[in-house]
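Only one structure is covered here, and it is reproduced in the block below.
Residue numbers count from 1 along this sequence. The shown structure was predicted, so the numbers you read here are calculated from the model rather than taken from an experiment.
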Amino acid sequence: MEWKTLWFDNIVVDIEGAAGILASYLELSGEDVEENNFISIDKFLPNDLFERILAFLPIASIFKAGAVCRKWNSIVHSRRFSKNLSSILSRKPWYFYVHKRQPNSYKPIRNANGYDLVGYAYDPMVQKWYRFELPCHGTSICFIASSSGLVCFMDNDTRSRLYVCNPIPKISEKFEIPRYLIFSDYNALSISVDRSSQSYTIAMVMSKRAPHDFGQWILSIHIYCSKAKIWVSPVTETLMGCRGGDDCVICDGVLYFFIYITTELDMTGKPDGLLTYSLSSQSFCCVLIDRLIPVPCPLTCGWLMNLKNKLVLVGGIGEQDQPSIIKGIGVWVLKGRDWEEFALMPSMYFQGLGNFDKVFASSGFDDLIYIQSYEAPSLLMFDMKMKKWKWSKKCPVSKRLPLQCFTGFCFEPRLELLPLGMATGQVFCGDPGPRCCP
């Protein structure tokens, strides 16, 4: 695709004329910078090698580098630098963390009042928290999914708009949702970015109670392709005694989503298995007995993740005789149609998450999984490659009110991927980058 100049070309940072922006850049490091006590390495290195070195810096350091001098500022805004950024296959995901204090917004991650737009982001590479804000014209958002640097979410105020954004340069694309997709009892959202075709695919799995029979649920799948810019609804099925869940993921061209078994005594149900829909062949089978992929054990809740094209499940392990009571947290990888146990959370970390009931928040990317209790700000990380559990640095917010709720999601921090036609180029906007917490 030929590179095109976009609306943000005219707001490249002017170092001499924007002292306030310069101060925000310098704040990223959390260190005092003495102007005359360094030797510029670009005097000794070829330009192409120097640009590649800059591209491997942490995201926050790239913002700081753009404030050093005019030459470095022009480098980090150049098209060639964007190509160097795109050559980096993946970065460790950041975790965007939000909290709410209103009693009526308890556990906003699901079908309640949604996320706040302002919160904190954790960078595991430099182990720092940053003040952070998502680009959205509403007051709160819901149903969030991420893939390869892009984040997709719904406007919670009207439930009629979807946003696809790169949260680092704060560039977003907004489009209306068809009216028949606005109202549903349960919703699951996922996004998949295809860098080779410079496009993305959004999938929504919706479950609505049948109007004349409370035991029946109408399940539908809706797909949006950024290239065609149209919605298609290839699946609408009526299910008896089961419904879709509120989490789904696209992995290797296949959409996976939970199925919950419901009863007259428990209409919310619990995760019982997975159904699949192939985006390439557009095949779907709802013969539940034959095609349902069962969960590995009784789960209180579950989260699906695409980690390097492997489907990973993080779930709360329920007691055998009382499945609604959580006794631990496990990680499984899907091999064919069978789950392979990958790790069980040690009891010291499980207890360290604080008091919580049967549900928790979890998301992951690449080799890193984040797990967080809704009732406490503690953030736990699990490295799939090293099989190592580790706490993040202490979050800058503490629990002060009984009904204060904590939640979040992770995304890959990238500067070069833009939702507007999946173009690449100059990426800094008027309010660039996160700011380091004191």
Side-chain angles (χ1 to χ4, degrees), residues 93-96 98 108-111 114-117 119 121 132-178 181-182 184 186-195 197-206 221-233 244-251 253-257 277 279 303-307 361-365 370 407-414 416-423:
W94 286 16
Y95 190 82
F96 180 69
V98 290
I109 194 170
R110 303 274 171 129
N111 288 334
Y115 289 85
D116 284 336
L117 296 175
F132 207 76
E133 182 176 359
L134 290 175
C136 178
H137 299 294
T139 59
S140 64
I141 56 178
C142 59
F143 310 123
I144 301 179
S146 66
S147 174
S148 298
L150 296 187
V151 177
C152 178
F153 51 82
M154 185 183 294
D155 172 22
N156 190 59
D157 296 335
T158 64
R159 302 286 179 98
S160 63
R161 289 187 294 269
L162 275 181
Y163 291 82
V164 177
C165 76
N166 184 330
I168 299 297
K170 294 182 171 58
I171 298 172
S172 63
E173 180 179 22
K174 177 183 71 174
F175 49 91
E176 300 294 324
I177 302 175
L181 298 183
I182 295 178
S184 187
Y186 292 90
N187 300 270
L189 176 69
S190 63
I191 182 173
S192 178
V193 173
D194 185 350
R195 296 186 188 177
S197 64
Q198 298 288 294
S199 64
Y200 58 83
T201 299
I202 297 174
M204 293 183 67
V205 181
M206 312 184 75
I221 299 175
H222 311 275
I223 310 293
Y224 177 84
C225 178
S226 65
K227 271 194 167 182
K229 296 188 181 300
I230 59 171
W231 285 93
V232 295
S233 301
D246 38 26
D247 188 36
C248 66
V249 69
I250 298 173
C251 184
V254 178
L255 173 66
Y256 295 87
F257 57 94
Y277 174 76
L279 298 178
W303 295 98
L304 300 173
M305 306 166 196
N306 179 357
L307 304 186
S362 183
S363 59
F365 177 80
Y370 290 98
T407 187
F409 66 95
C410 78
F411 64 94
E412 182 188 11
R414 301 197 73 96
E416 77 281 7
L417 290 176
L418 309 180
L420 303 173
M422 287 294 294

Below 4.5 Å, heavy atoms only, C-beta onward: do [X] and [Y] meet side chain to side chain?
X    : Y    : result
P135 : Y163 : no
F365 : S146 : no
I177 : M154 : yes
Y224 : K229 : yes

- Message: Using only atom types and a distance under 3.5 Å, with no angle test, would you say the side chain of S226 pairs donor to acceptor with the backbone of Y200?
- Response: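 Yes; at least one donor-acceptor contact below 3.5 Å.
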
- Query: Do any N or O atoms from the side chain of D247 and from the backbone of L304 form a donor-acceptor pair under 3.5 angstrom?
  - Reply: yes

- Message: If the test is side chain to side chain contact (heavy atoms under 4.5 Å, CB included), which one of V151, I202, V193, I171 qualifies with V164?
- Response: I202

- Query: Under the side chain to side chain contact (heavy atoms under 4.5 Å, CB included) test, which residues partner S190, sequence neighbours left out?
  - Reply: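 Here the qualifying residues are A203, C248, I250, L255.
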
- Message: Among residues at least two apart in sequence or on other chains, which ones pass side chain to side chain contact (heavy atoms under 4.5 Å, CB included) with S160?
- Response: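 Here the qualifying residues are T158, E176, I182.
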
- Task: State which residues pass ring pair (Phe, Tyr, Trp, His ring centres under 6.0 Å) with Y370; sequence neighbours excluded, sorted by chain then number.
- Result: Y95

- Query: How far does CD of E412 sit from OG of S147, to the nearest 0.5 angstrom?
  - Reply: 8.5 Å

- Item | Between SG on residue C165 and CG on residue L150, distance to nearest 0.5 Å |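 Going from the SG atom of C165 to the CG atom of L150 covers 8.0 Å.
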
- Closest non-hydrogen atoms of E133 and K170, given as atom of the first, atom of the second and distance, are O-CE, 3.3 Å

- Minimum heavy-atom separation for P169 to R414, with atom names?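 Answer, listing the atom of P169 first, then R414: CD-O, 4.1 Å.
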
